[in-house]
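What follows is one structure encoded as structure tokens, with my remarks underneath.
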Amino acid sequence: MALLFTFVFINVSYAQTEDEKEEVSGADKTQMFIEKAFKYSPLPFAGYATETGLVLGITKYNAFKFKSDILPDSIIQPSSILAYAYFTQKNQYKFYLITDFMQHDNKINSKFEFMFMDYPSYFFGVGNDNDFDSSYLVDFKNILIAPSISYNVVEKLYVGVKYTYNNFIDIESIDGQIGDTTLYENEGIQSGIGLIVLREARDNRIRATKGSFLSASYDVYSKAFGSKFNYTQLSIDYRYYFTPYKKIIIASQLYTTLSTGDVPIQSMPVVGGAYRMRGIYENRFRDRNMMMAQVEARFPIW
């Protein structure tokens, strides 16, 4: 939990003494210091989970806009940087960085994702028919590097390419028992090249209140690219936003991933977690193909 203290100062038109002016000036400096601290410094966070024990970490998220000599600031789409790192009581860790830049007057969208982790995850099996109580905890190391770049070809349509490097290392069961021995065969490099098609029609990429977003990608993982596995994945992500009343935003999403070939279990599409079907345990369901739909009502609490 992060506590944010905001200082508000009201200008009243009456004659002030020199001491009062110095006091207000000092308070202004204090507020400027606090604002800069929240803008440039990471925030700490803490949590607890049965598989990790106590979790301590820091996180930082910044949204900003690149300046343009052609377009007004209101039209420039925002860029963002998200980074976090945390460690657990059981000597596990995770580092994550993702940058999403909209540059050159909204003409180029470049992204970069990096992750390095030694962090456990429950494995429930493959398919829809699996028992929650039969899950077991699997530990592994994972290195992910995924850059991409897309160019605006016409109006709101972007076309680009991406590369994905995924390497799973030291896969093992924490309790010494893995029911699916193919998990061990997941170890090794997954290297793939993909094509991207984006249609960016949201009013704001970070906090959309209306409009739509479409992303389609086709990735080919092949030994020709240094991959241990040969498989392909087609992913389609469609989102639609509208605001029916004041600040109540309805956000909907339809997402699917279709796979062919020798797909490693760890790289099969999953349902559950912070982004797809919130409220379902992370990675609760996985298989070669997945389709999901969700609708959210978003509104400010305070």
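Both backbone and side-chain heavy atoms feed into the values below; hydrogens, waters and symmetry mates do not. This structure is a prediction, so every number in the text was calculated from the model and none was measured.
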- Message: How about NZ on Lys223, more than 12 heavy atoms from neighbouring residues, nucleotides or ligands closer than 6.0 Å, or not?
- Response: no
- Taking everything shown except Phe299 itself, do over 12 heavy atoms lie less than 6.0 Å from its CZ? no
- Task: Report yes or no: do Leu144 and Met117 belong to one cluster of Ile/Leu/Val/Met/Phe/Trp/Tyr joined by side chain heavy-atom distances under 4.5 Å?
- Result: yes
- Shared hydrophobic cluster, Ile196 / Met102 (ILVMFWY, side-chain heavy atoms < 4.5 Å): yes
- Start with the C-alpha distance between Lys111 and Glu113, add both sets of side-chain angles, then the distance that settles salt bridge (charged side-chain N to carboxylate O under 4.0 Å, His left out), and finish with yes or no. CA-CA 7 Å; Lys111 297 180 182 180; Glu113 185 175 5; over 6 Å; no
- Please test Asn142 against Asn166 for side chain to side chain contact (heavy atoms under 4.5 Å, CB included), starting from the C-alpha separation and ending with a verdict. CA-CA 7 Å; Asn142 180 213; Asn166 220 347; 2.9 Å; yes
- Message: Closer than 4.0 angstrom, basic N to acidic O: yes or no for Arg199 and Glu155?
- Response: no
- Is there a path of hydrophobic side-chain contacts, each under 4.5 Å between heavy atoms of I, L, V, M, F, W or Y residues, that connects Val271 with Met291? no
- ring pair (Phe, Tyr, Trp, His ring centres under 6.0 Å) between Phe168 and Phe140: does it pass, once the steps are laid out? CA-CA 7 Å; Phe168 289 93; Phe140 56 89; 5.6 Å; yes
- Message: What I'd like to find out is whether the side chain of Asn128 reaches to under 4.5 Å of the side chain of Asp287, using heavy atoms alone.
- Response: no
- Task: Apply the test side chain to side chain donor-acceptor pair (under 3.5 Å) to residues Asn283 and Ser121: give CA-CA distance (whole Å), side-chain angles for both, the deciding distance (0.1 Å), then the verdict.
- Result: CA-CA 8 Å; Asn283 302 335; Ser121 176; 3.3 Å; yes
- Message: Side chains of Pro269 and Ser259, heavy atoms from C-beta outward: is any pair under 4.5 Å?
- Response: yes
- Item | Evaluation steps, ring pair (Phe, Tyr, Trp, His ring centres under 6.0 Å), between Tyr158 and Tyr151 | CA-CA 5 Å; Tyr158 293 78; Tyr151 295 88; 9.2 Å; no
- Item | Phe116 ring center within less than 6.0 Å of Tyr93 ring center | yes
- Any side-chain heavy-atom pair from Leu71 and Asn106 closer than 4.5 angstrom? yes
- Salt-bridge criterion met for Lys210 and Asp203 (N-O under 4.0 Å): no
- Would you call Lys67-Asp73 a salt bridge at under 4.0 Å N-O? no
- Message: Ring-plane angle category for Phe112 and Phe114, please: parallel below 30°, perpendicular beyond 60°, tilted otherwise.
- Response: parallel
- Joint hydrophobic cluster, Met292 plus Phe285, side-chain heavy atoms closer than 4.5 Å: yes
- Start with the C-alpha gap between Arg298 and Ile248, add the side-chain angles, then the distance that decides, and say whether side chain to side chain contact (heavy atoms under 4.5 Å, CB included) holds. CA-CA 6 Å; Arg298 303 173 180 175; Ile248 299 178; over 6 Å; no
- Apply side chain to side chain contact (heavy atoms under 4.5 Å, CB included) to the pair Ile169 and Ile143, showing each step before the final yes or no. CA-CA 8 Å; Ile169 308 169; Ile143 303 172; 4.2 Å; yes
- Looking only at atom types and distance, does a side-chain atom of Arg284 sit under 3.5 Å from a main-chain N or O of Phe124, one as donor and one as acceptor? no
- Message: For Gln190 and Tyr231: C-alpha separation, side-chain torsions, deciding distance, then whether side chain to side chain donor-acceptor pair (under 3.5 Å) applies.
- Response: CA-CA 9 Å; Gln190 302 174 38; Tyr231 68 97; 2.7 Å; yes
- Distance, nearest 0.5 Å, that separates OH of Tyr238 from CG of Leu254: 9.5 Å
- NZ/Lys94 to OH/Tyr84 distance, rounded to the nearest 0.5 angstrom? 3.5 Å
- Flag, side chain of Asp100 to backbone of Ile81, donor-acceptor distance under 3.5 Å: no
- Of the options Gln253, Arg239, Arg276, Arg278, which is the one that meets Gln294 in a side chain to side chain donor-acceptor pair (under 3.5 Å)? Gln253
- Query: Distance only, no hydrogens: is a donor on one side chain within 3.5 Å (strictly under) of an acceptor on the other, for Thr232 and Thr260?
  - Reply: yes
- Would you say the side-chain atoms of Gln103 and Ser79 include a donor-acceptor pair closer than 3.5 Å? no
- Item | Stepwise side chain to side chain contact (heavy atoms under 4.5 Å, CB included) test for Ser191 and Tyr163 | CA-CA 8 Å; Ser191 178; Tyr163 171 74; 2.8 Å; yes
- Establish whether Phe95 and Tyr119 are linked, either directly or via other cluster members, by ILVMFWY side-chain heavy-atom contacts under 4.5 Å. no
- Could you tell me whether a side-chain N or O of Gln77 sits under 3.5 Å from a main-chain N or O of Arg205, the two making a donor and an acceptor? yes
